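Below, chains carry the letters A, B, ... as their sequence lines are ordered, and counting in each starts from 1. Just so we're clear, the structure is a prediction, and the values are computed from it rather than from any experiment.
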Protein chains: 2
Amino acid sequence: MNYKYIEIAKAIKEKINDGTYLPGDLLPDQTQIAKEFNTTRSTVHKALKDLVIEGMIYSKRGAGTFVRKDYSLLKDHHQSVTDFDDPFSDRLSNSLESKILQFSVRMPSEAERNHLLVEPEVSIYEVRRVRFLEGEIFSYEHFLMPTTIIKLTDEILKKSVYQSLREQNFHIEGTHRIINAKKASEKDLKNGIVQNATDPVLVIRQLNYLDDGQPFQLLETRYPFAKSDLISDITV
Amino acid sequence: MNYKYIEIAKAIKEKINDGTYLPGDLLPDQTQIAKEFNTTRSTVHKALKDLVIEGMIYSKRGAGTFVRKDYSLLKDHHQSVTDFDDPFSDRLSNSLESKILQFSVRMPSEAERNHLLVEPEVSIYEVRRVRFLEGEIFSYEHFLMPTTIIKLTDEILKKSVYQSLREQNFHIEGTHRIINAKKASEKDLKNGIVQNATDPVLVIRQLNYLDDGQPFQLLETRYPFAKSDLISDITV
DNA sequence: GTTGATTTGTGCGTATGTATG
DNA sequence: GCATACATACGCACAAATCAA
């Protein structure tokens with residue numbers, strides 16, 4: 001379970017985070033690093049490639065490998081991502097509570113079947129809940145999930161669906177999102193998402209999927225306009 | 001300039017796109033593919049890994065490599081990304097026009113310097129423009145750029161800044177975004193982003209950077225609430 | 001439940017290609 | 001042109017996960 005290239009990647013990460021290598025700095029060349037870790041250049045190359053993908057460093061043929069100038073910047077932002085937006089993070093789970101408005105099972109429409117990629121005879125959960133963070137309203141969620149993946153309970157819905165999935169060894173891979181600004185609906189007012197009929201809401205429709213490409217949840221979340229920062233990084 | 005692993009990746013992509021391999025299908029094993037392309041398993045492994053990163057396939061040790069079940073779905077959405085939101089795409093440039101409201105040079109504040117990572121003595125461009133897509137208002141942009149990267153002109157601003165950067169051989173890497181829903185401001189009304197003072201706007205603040213990690217643009221864009229779909233994919 | 005075959009993942013060594021300065 | 005440094009490619013060995021007999 002202990003891979004060399006991951007250890008090397010970790011060690012280099014460490015040195016960047018503690019300031020041994022500063023933004024813009026040239027790292028030792030791959031042969032040097034290989035010597036230092038008592039391994040070959042190919043393994044070092046693999047470790048470095050992972051860090052390139054993470055956006056921490058970049059390599060130039062013939063020149064060397066450098067620490068990205070904006071790394072410290074990204075680091076700050078990445079924290080906000082995990083703190084706030086990432087549904088797969090556990091950090092907030094203590095102070096996060098849910099009030100369940102609906103919890104039922106029904107057959108999906110054809111459009112819903114196409115999104116969730118389930119067979120015609122499979123039924124789906126339909127859930128609506130309001131989420132509170134440290135007592136304050138945080139979001140309104142409406143989602144669909146096939147009943148074939150895990151069995152949902154009131155208990156699970158009060159806490160975290162994602163946590164239950166992980167506990168049952170499902171591996172969550174990623175999410176696809178469509179983001180809008182919308183006018184508050186009457187429901188938003190009733191649910192307490194907004195105080196005022198003229199307040200805007202941030203609406204995110206997202207499809208979450210497992211590592212085998214199976215979508216497991218079709219989700220719409222509505223956030224109060226003032227509280228919501230959605231953060232995303234895009235690499236081309 | 002012709003790498004084998006890229007050719008292999010392309011060939012497999014092709015077969016997935018034309019339906020030779022369907023979603024959920026098991027691909028031939030790496031040794032088979034290696035034979036087919038007259039190469040070694042390591043090279044095939046590399047090609048496949050790239051496709052895994054792209055979200056087209058997934059591999060399981062001991063089992064094999066499969067086409068992702070939701071690939072066709074993602075493919076559809078990806079079109080919208082490039083059509084609509086990606087500032088680095090050229091597709092729209094014909095029908096996209098700009099009305100320039102401000103185009104000036106000044107010294108940055110300290111906060112701005114920190115974001116753009118420029119030296120204290122470097123001045124920055126400040127630009128405000130309204131963008132039109134096929135005659136209709138599309139967005140309002142306000143951005144800052146260091147004067148040290150490229151020389152901006154009215155001509156460039158009417159068209160595409162990104163295109164000019166590419167023409168001068170700068171390689172754009174990615175972007176970091178913070179997304180909000182906000183109430184329309186008076187300016188939004190004046191600029192025609194909204195018709196109505198109660199309409200919401202989708203606000204995106206983003207930092208765009210080059211491949212060496214140098215941020216080149218700090219940008220705030222305001223979109224009319226009805227016209228804007230922002231699409232993003234996140235892989236964990 | 002164990003074993004064995006299959007398949008992907010990792011690691012090493014070496015050689016060659018290609019971009020930079 | 002030359003030295004340097006990263007990138008690709010090949011071949012082999014072994015480890016780890018999966019699945020079926």
So, does A:Gln30 get its side chain near the phosphate of D:dA7, meaning an N or O under 4.0 Å from OP1 or OP2?
yes
Heavy atoms within less than 4.0 Å of DNA chain C: which residues of residues 38-50 of chain A have one? Give them sorted by number.
A:Thr39, A:Thr40, A:Ser42, A:Thr43, A:Lys46
Working to the nearest 0.5 angstrom, can you tell me the gap between B:Leu26 CG and B:Ile57 CD1?
11.0 Å
Nearest heavy-atom contact between B:Arg131 and B:Ser98 is NE-OG, 3.2 Å
What is the separation between atom CD1 on B:Ile33 and atom P on C:dT7, rounded to the nearest whole Å?
11 Å
When the distance from NZ of B:Lys60 to P of C:dT8 is rounded to whole Å, what number comes out?
13 Å
Distance check needed: D:dC10 P versus B:Lys35 NZ, whole Å only.
16 Å
In whole Å, what is the span from the OH atom of B:Tyr58 to the C1' atom of C:dG9?
17 Å
Please determine if a side-chain N or O atom of B:Tyr5 lies less than 4.0 Å away from the OP1 or OP2 oxygen of D:dT8.
yes
Of the listed nucleotides D:dA16, D:dT18, C:dG11, the one nearest the side chain of B:Arg61:
D:dA16
Which comes earlier along DNA chain C counting from the 5' end, the contact point of A:Gly62 or that of B:Gly62, where each point is its nearest nucleotide?
B:Gly62
What is the distance from NZ of B:Lys4 to P of D:dA7, rounded to the nearest Å?
20 Å
In whole angstroms, the gap separating P of C:dT10 from OH of A:Tyr3 amounts to 6 Å
Any carboxylate oxygen within less than 4.0 angstrom of a Lys/Arg side-chain nitrogen, looking at B:Lys15 and B:Glu36?
yes
Any B:Thr65 side-chain nitrogen or oxygen under 4.0 Å from OP1 or OP2 of C:dT8
yes
How many whole angstroms separate atom CD1 of A:Ile8 from atom C1' of C:dG11?
10 Å
Nearest whole angstrom, please: distance from the P of C:dT7 to the CZ of B:Phe66.
11 Å
Among side-chain atoms of B:Tyr162 and B:Gln217, is any donor-acceptor pair under 3.5 angstrom?
yes
For A:Ala47 and A:Tyr5, the nearest pair of non-hydrogen atoms, with its separation, is CB-O, 3.3 Å
List in chain and number order the residues that pass side chain to side chain contact (heavy atoms under 4.5 Å, CB included) with B:Ala63, two or more places apart in sequence or in another chain; answer none if no residue qualifies.
B:Lys60, B:Phe66
Say you draw a straight line from CD1 of A:Ile100 to CG of A:Leu152; how long is it, rounded to the nearest 0.5 Å?
9.5 Å
